[in-house]
Amino acid sequence: QVQLVESGGGLVQAGGSLRLSCATSGITFNANAFGWYRQAPGKQRELVATISIFGSTNYADSVKGRFTISRDNAKNRAYLQMNSLKPEDTAVYYCNAVYNSNMKPRYDNWGQGTQVTVSS
């Protein structure tokens with residue numbers, strides 16, 4: 001079965017940093033673009049960063065210059081380095097493969113997510 005396990009979240013003060021990790025199994029990791037999503041209370045899940053199979057990246061405007069998505073194909077893992085965190089970054093963060101065509105999430109079985117809370 002497809003398994004996506006996010007970790008690395010926590011409580012940090014504004015301006016701090018966190019590094020999120022996404023462990024995957026049951027997928028052909030190298031063949032998939034990957035994305036990080038977040039969902040704040042009362043809001044829709046938002047795609048914040050993607051990385052292609054070639055390593056090219058894209059970011060939501062809200063996180064550009066602050067977040068960096070990366071991948072380690074040898075470990076079947078994706079990462080999200082988050083710097084200069086703001087209270088509005090507070091959300092549950094999820095990872096998923098994304099379709100190359102439209103960047104929609106590929107798998108319905110989302111992981112548990114990892115909570116990121118940024119205090120002022």
Side-chain angles (χ1 to χ4, degrees):
Q1 283 212 110
V2 174
Q3 189 172 4
L4 304 167
V5 181
E6 301 90 348
S7 63
L11 174 63
V12 298
Q13 293 185 347
S17 298
L18 285 171
R19 190 188 192 218
L20 308 184
S21 296
C22 174
T24 71
S25 62
I27 67 171
T28 306
F29 184 85
N30 294 354
N32 285 278
F34 254 81
W36 281 94
Y37 302 76
R38 67 186 182 188
Q39 187 168 26
K43 295 184 178 180
Q44 295 289 313
R45 182 178 285 114
E46 172 192 18
L47 180 65
V48 299
T50 61
I51 184 166
S52 75
I53 59 175
F54 308 109
S56 60
T57 58
N58 282 286
Y59 300 92
D61 289 341
S62 58
V63 306
K64 281 182 178 177
R66 301 187 299 118
F67 290 10
T68 302
I69 187 172
S70 62
R71 64 191 296 161
D72 186 337
N73 290 340
K75 297 180 179 178
N76 294 329
R77 293 175 184 169
Y79 304 93
L80 186 68
Q81 178 67 47
M82 305 185 296
N83 299 325
S84 302
L85 283 162
K86 304 175 180 179
E88 50 263 45
D89 295 319
T90 295
V92 179
Y93 284 72
Y94 302 88
C95 64
N96 210 327
V98 300
Y99 290 109
N100 292 326
S101 57
N102 59 12
M103 292 296 137
K104 299 287 187 181
R106 178 177 289 271
Y107 299 109
D108 292 331
N109 48 326
W110 296 86
Q112 83 286 358
T114 186
Q115 176 71 50
V116 172
T117 303
V118 185
S119 63
S120 60

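Fair warning: this is a prediction, and the values are worked out from it, not measured in the lab.
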Taking F34's backbone N and O only, do any of them form a donor-acceptor pair with N32's side chain (distance below 3.5 Å, no angle check)? no
Between Y107 (side chain) and Q3 (backbone), is there a donor-acceptor pair under 3.5 Å? no
I51, V98: one ILVMFWY side-chain cluster at the under-4.5 Å cut-off? no
Can you name the closest pair of heavy atoms from T114 and G8 and give their distance? OG1-N, 3.8 Å
Counting only pairs under 3.5 Å, give me each side-chain donor-acceptor contact of residues 35-45, with atom names and distances, residues two or more places apart or in other chains.
from : atom 1 : to  : atom 2 : distance (Å)
W36  : NE1    : Y79 : O      : 3.2
R38  : NE     : E46 : OE1    : 3.1
R38  : NH1    : D89 : OD1    : 2.9
R38  : NH1    : Y93 : OH     : 3.0
R38  : NH2    : S62 : OG     : 3.3
Q39  : NE2    : K43 : O      : 3.1

V2 and Y94: same hydrophobic cluster, using ILVMFWY side-chain contacts below 4.5 Å? no
Roughly how far, to the nearest 0.5 Å, is OG1 of T28 from CG of N73? 11.5 Å
Any chance you could measure I27, atom CD1, to N76, atom CG, to the nearest 0.5 Å? 7.0 Å
Check whether F67 and V12 end up in the same hydrophobic cluster, where Ile, Leu, Val, Met, Phe, Trp and Tyr are linked by side-chain heavy atoms less than 4.5 Å apart. yes
Between CZ of R19 and OG of S7, what distance do you get to the nearest 0.5 Å? 10.0 Å
Can you name the closest pair of heavy atoms from L80 and A49 and give their distance? CD1-CB, 4.1 Å
More than 12 non-hydrogen atoms from neighbouring residues, nucleotides or ligands closer than 6.0 Å to CD on Q13, yes or no? no
V48, Y59: one ILVMFWY side-chain cluster at the under-4.5 Å cut-off? yes
Minimal heavy-atom distance between T90 and Q115, with the atoms involved, is CG2-NE2, 4.0 Å
Could you pull out the closest heavy-atom pair between S52 and A33, with the gap in Å? CA-CB, 4.0 Å
Counting heavy atoms not belonging to N109, are there more than 12 under 6.0 Å from its CG? yes
When you group the ILVMFWY residues by side-chain heavy-atom contacts below 4.5 Å and let the links chain together, are L4 and I69 in the same group? yes
Value rounded to 0.5 Å, distance of CZ in R106 from CG in N100: 7.0 Å
Interatomic spacing from CG in L18 to CE in M82 - rounded to 0.5 Å: 4.5 Å
Please give me the minimum heavy-atom distance between N83 and Q81, naming the atom from each residue. OD1-NE2, 3.0 Å
For L85 versus R66, what's the shortest heavy-atom pair and its separation? CA-NH1, 3.8 Å
Rounded to the nearest 0.5 angstrom, the NZ-OG distance for K86 and S120 is 14.0 Å
